[in-house]
Amino acid sequence: MLQSGFELASRRMLEHASSGAITFALVYLTFFLDNVLLTVLVPIIPDWVRGESLELWSQHETPLVKLLNNTVRHVTDQGKLVGTSQAIVGAVLGSKAAAQLATAPAAAALVMTRGPTTCLRLATAILTIAALTFGVCAGDAGGGAVCAGLGRATQGAGAALAGVGGLTLVARSLSDAHGALAALLGAVALGVLVGYPFGGAAYKLWSPGAPFQLIAFVLLINLALQFLYLNKDEYTMIPCVCPAPCVCPTPRDASSSGITCMYVEARSGSTGWCAGAVLLTTSVMAALEPCLPLWIMDRFHPQRWALGAVFIPDSAGYLLASVSGAWWVAVGAERVAVSAVACVGLAALALPHAPSVSWLSLPQLLSGLGLGAADAALVPALLARAPPAVLAARAALLQAASSAAYAIGPVVGGLFSWAAGFESAMMVLGAANAVYAVFLYRMLRKYPISAQWGACESPEETDLEGEEMTPLKTQKPPR
C-alpha cells in the first residue's frame with residue numbers, strides 16, 4: 001500500500017512537472033514571437049516614412065495620420081531632415097505601445113473574470129491577426145506605411161493581453177515561479193535579438209511579406225497547442241475574493257475595475273517605485289529605436305545590415321542579464337535594481353560620444369545589461385509571491401509601465417532629437433535614470449521586496465496570503 005501510494009504521488013509529481021513545462025514553453029513562445037514581430041519592423045520603418053513613402057502615407061486618413069496631420073504635411077513639404085524623420089518614426093513605433101498601455105487594465109480585468117488561459121489565447125489570436133496584416137500590406141509602400149500605424153496598434157492590444165495573462169499563468173501554475181518568471185524574460189530578449197537582424201536581412205533578401213507570414217503560421221500552431229494543453233482547472237482559476245476596493249469586476253465595469261486595482265497596487269509599498277524603475281530604464285531603449293538608426297545614418301553612413309546589427313549588443317546584454325535570475329536572487333533584488341537603473345543612466349550618457357559604429361556596442365551592451373537586470377530582479381520579486389487576488393493587477397501595472405515607456409519614449413525621444421539633437425535627448429534620459437536610482441534606493445530600504453532586506457509583502461498584502469482559489473467554471477463574480 002505504501003509503495004502504491006508512493007508510485008501515485010511520484011506519477012502526479014511527474015505529470016505536474018510535465019504540465020508546468022508545457023505551460024512555460026507555450027507562454028515563452030508567445031512572448032518570443034511577439035518581440036520578433038515587434039523588432040522586425042524597426043530597420044524597415046525608416047524606408048516606409050521617408051521620401052515617397054512619407055508622401056503616400058500622408059495621403060491616407062489613418063488615426064495616426066489624423067493625430068499628426070500637420071506634422072506629416074510639414075515634413076513632406078519642407079524636406080527630409082533627420083530630426084523630422086525621427087519624430088515621425090517615433091510616432092509610428094509608439095503607436096503599438098500606446099495601444100498596449102490602454103489595453104493593460106482590460107487585460108487585468110479579463111484575467112480576474114475569465115482566468116489567465118483565456119487571456120493568453122485571445123492574445124495569441126490578436127497577434128496572429130497583426131502579423132497577417134503586416135504580411136498583406138508589406139509589399140506596397142503606401143499600404144505598408146498604413147500598417148505601420150494600424151498593425152502596430154493591433155499588436156499592442158495582443159501584447160498587453162499576452163503579458164498580463166502569461167505572467168499570471170506562470171506565476172500561479174509553476175512551483176518555481178521565481179526562476180520561471182526570470183527565465184521567461186529571456187523570451188523577450190531572444191525575440192528582440194532575432195528580430196532586428198532578421199527584419200533588416202529579410203526585407204532585402206526575401207519577399208517583404210514572407211517573415212510576417214511565417215510568424216503568423218507559428219502563432220497559429222501556438223494557439224492550437226494552447227487549446228490542447230491548457231484545459232485544466234488549475235489554469236482557469238481566478239480569486240474567489242478580491243481585496244477592497246478591488247472588487248471582482250463584471251463585464252460591465254471591467255476596465256474601470258482594472259484601473260482601480262492597478263492604482264491600489266501602485267500605492268502599496270514599493271510596487272509603484274519599482275514600476276517607475278521599469279518605466280525609466282525601458283524609456284532609454286524605446287527612445288533609441290527611432291533615433292539611433294537615423295542618427296547613425298546621418299553621422300556614419302553605414303550599410304543597411306548595420307542598422308539591425310547595431311541593436312545586437314543591447315539585446316545580447318538583456319538576454320544575458322535576464323537568464324541570470326537565480327544569481328540576482330542571491331545578491332538581492334533591491335541591490336540589483338538600484339545598480340541596474342544607474343547602469344542604464346551611465347550608458348545613455350556615454351552613447352552619443354561613441355566615435356564609430358563599432359564603439360556603440362559598449363554603451364549598448366551596458367544598457368541592455370542594466371535593463372535586463374532590472375526586469376529580472378523586479379518582475380519575479382513582485383509576482384512570484386504575490387497574493388492571487390492582486391497578481392493580475394500587479395502584472396498589469398508592470399506591463400503598463402513598460403508600455404508607457406515604449407509609447408512615450410519614441411515620441412518624446414524623436415521630438416526632443418528634432419528640437420535639441422540626439423545627444424541632448426540621451427543626456428536628459430541618462431540623468432533622469434541616475435537621479436531615480438538614488439530615490440529608488442531610499443524607497444527599497446523602507447519597503448524591501450526580498451527576504452535579504454526584509455519582508456516581501458506589506459501588511460495589507462500579507463492578509464491576503466491565505467486566499468483560496470476557485471475554478472472559473474464554478475465561480476460567479478459579485479454584482
TODO: Taking Ser402 for its side chain and Leu398 for its backbone only, find out whether a donor-acceptor pair lies under 3.5 Å.
DONE: no
Open item on the list: Between Ile296 and Phe422, is there a side-chain heavy-atom distance shorter than 4.5 Å?
Closed with: no
- [ ] May I ask you to test the Tyr28-Val170 pair for a side-chain heavy-atom distance under 4.5 Å?
- [x] no
Task: Under 3.5 Å: donor-acceptor pair, side chain of Arg152, backbone of Leu38 - done: yes
TODO: With rounding to the nearest 0.5 Å, note down the distance linking OG in Ser283 to CG in Leu371.
DONE: 10.0 Å
- [ ] Check the pair Phe31 / Leu167 against side chain to side chain contact (heavy atoms under 4.5 Å, CB included), numbers first and verdict last.
- [x] CA-CA 10 Å; Phe31 280 31; Leu167 290 174; 4.3 Å; yes
- [ ] Determine the minimum heavy-atom distance between Trp295 and Leu351, stating which atoms define it.
- [x] CH2-O, 4.5 Å
Task: Nearest atoms (heavy-atom pairs only) where Leu349 meets Ala431 - done: CD2-N, 4.0 Å
Open item on the list: For a 4.5 angstrom cut-off between non-hydrogen side-chain atoms, does Thr133 reach Phe212?
Closed with: no
Task: Leu169 side chain reached by Leu230 side chain, heavy atoms, under 4.5 Å - done: yes
TODO: If a pair satisfies ring-ring contact (aromatic ring centres under 6.0 Å, His included) and one of its residues is in residues 265-288, list it, with sequence neighbours excluded.
DONE: Trp273-Tyr436
Open item on the list: Donor-acceptor pair, distance only, cut-off 3.5 Å: does the side chain of Ser322 make one with the backbone of Leu319?
Closed with: yes
Task: Phe32: partners by ring pair (Phe, Tyr, Trp, His ring centres under 6.0 Å), with sequence neighbours left out - done: none
Task: Within residues 368-384 or reaching into it, pairs that qualify as side chain to side chain donor-acceptor pair (under 3.5 Å) - sequence neighbours excluded - done: Tyr318-Asp375
Task: Side-chain heavy atoms of Leu120 within contact of Val27, under 4.5 Å - done: yes
Open item on the list: How long is the straight-line distance from CD1 of Ile22 back to CG of Leu225, given to the nearest 0.5 Å?
Closed with: 9.0 Å
- [ ] Assess whether side chain to side chain contact (heavy atoms under 4.5 Å, CB included) is satisfied between Cys274 and Leu444, documenting all intermediate values.
- [x] CA-CA 9 Å; Cys274 294; Leu444 290 180; 4.0 Å; yes
- [ ] Mind checking the CG-CE spacing from Leu292 to Met285? Nearest 0.5 Å is all I need.
- [x] 10.0 Å
Task: Test item: Leu440 and Glu334 side chains (from C-beta on) under 4.5 Å apart, heavy atoms - done: no
Open item on the list: Looking at every non-hydrogen atom in both residues, tell me the closest pair between Pro352 and Ala348 and how far apart they are.
Closed with: CD-O, 3.3 Å
Task: Side chain proximity check, Ile449 to Leu378, heavy atoms < 4.5 angstrom - done: yes
Open item on the list: Which heavy atom of Met112 sits nearest to which heavy atom of Ala392, and what is that distance?
Closed with: CG-CB, 4.2 Å
Open item on the list: Among residues at least two apart in sequence or on other chains, which ones pass side-chain hydrogen bond (donor to acceptor under 3.5 Å, both in side chains) with Gln364?
Closed with: Asp314
Open item on the list: Working to the nearest 0.5 angstrom, can you tell me the gap between Asp34 CG and Leu127 CG?
Closed with: 5.0 Å
Open item on the list: Walk me through whether Arg394 and Leu383 qualify under side chain to side chain contact (heavy atoms under 4.5 Å, CB included).
Closed with: CA-CA 7 Å; Arg394 190 172 291 184; Leu383 298 183; 3.8 Å; yes
Task: Interatomic spacing from CG in Leu382 to OG in Ser270 - rounded to 0.5 Å - done: 6.5 Å
Open item on the list: When you compare the side chain of Asn222 with that of Thr30, does any pair of heavy atoms fall below 4.5 Å?
Closed with: yes
Task: Counterpart residues, side-chain hydrogen bond (donor to acceptor under 3.5 Å, both in side chains), relative to Ser367 (two or more places apart) - done: none
TODO: Quick one: list whatever passes side-chain contact (heavy atoms from CB on, under 4.5 Å) with Ala420, sequence neighbours left out.
DONE: Phe416, Ser424
TODO: Starting at CD of Gln226, measure out to OG1 of Thr23 and round the result to the nearest 0.5 Å.
DONE: 10.0 Å
